[in-house]
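First up is the structure itself, then whatever we jot down about it.
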Amino acid sequence: MQRYANQGGHSGVAAYECRPGEIRLKFVDRATIYVYSGVSPGAQHVRAMQRLAASGRGLATYVNRHVRDDYEYAID
């Protein structure tokens with residue numbers, strides 16, 4: 001996983017990994033990795049999250065506003 005740049009300085013996202021059709025997120029306060037995919041929450045959201053992850057800004061806000069717990073599965 002790649003460390004999230006957190007350019008805003010107060011993100012809840014610690015790290016991410018972009019894969020074709022999915023993004024995996026690790027949050028600062030959890031050991032679990034959450035997998036968001038084309039299955040859930042859908043390809044449009046995954047693409048938006050991948051763009052935000054690469055830019056280092058706005059990813060946690062997007063997750064909180066649009067997808068929250070709508071991940072496909074979690075890895076403990």
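Below, all heavy atoms of this structure are taken into account, side chains as well, without hydrogens, waters or symmetry copies.
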Rounded to the nearest 0.5 Å, how far apart are OH of Y71 and OG1 of T32?
-> 8.0 Å
Considering all heavy atoms of both residues, which atom of A5 and which atom of G56 are nearest to each other, and what is their separation?
-> CB-CA, 3.8 Å
Single-linkage hydrophobic cluster V13~I33, side-chain heavy atoms < 4.5 angstrom = no
Between H66 and H45, what is the shortest heavy-atom contact and its length?
-> CB-CE1, 3.9 Å
Test side chain to side chain contact (heavy atoms under 4.5 Å, CB included) applied to V28 - qualifying residues, sequence neighbours left out = A14
CZ-NZ distance between R30 and K26, expressed to the nearest 0.5 angstrom = 10.0 Å
Would you list the atom pairs, donor with acceptor, under 3.5 Å between side chains in residues 34-42 and any protein atom, with sequence neighbours excluded?
residue : atom : partner : partner atom : Å
Y36     : OH   : R68     : O            : 3.1
S37     : OG   : V39     : N            : 3.1
S37     : OG   : E72     : OE1          : 2.4
S40     : OG   : D70     : O            : 3.2
S40     : OG   : D70     : OD1          : 2.4

When hydrophobic residues are tied together by side-chain contacts of less than 4.5 Å, even through go-betweens, does M1 share a cluster with I75?
-> yes
For V63 and M49 the tightest heavy-atom approach is CG2-CE, 3.9 Å
Can you sort out the partners of E17 under salt bridge (charged side-chain N to carboxylate O under 4.0 Å, His left out), two or more places apart, ordered by chain and number?
-> R19
Short question: side chain of Q50, backbone of E22 - any donor-acceptor pair under 3.5 Å?
-> yes
Identify the two heavy atoms, one from S55 and one from Q7, that lie closest to each other, and give their separation to 0.1 Å.
-> O-NE2, 3.1 Å
Grab the two heavy atoms, one from R57 and one from Y4, that are nearest each other, plus how far apart they are.
-> N-OH, 3.0 Å
Here the pair of heavy atoms bringing A53 nearest to L59 is CB-CD2, 3.9 Å
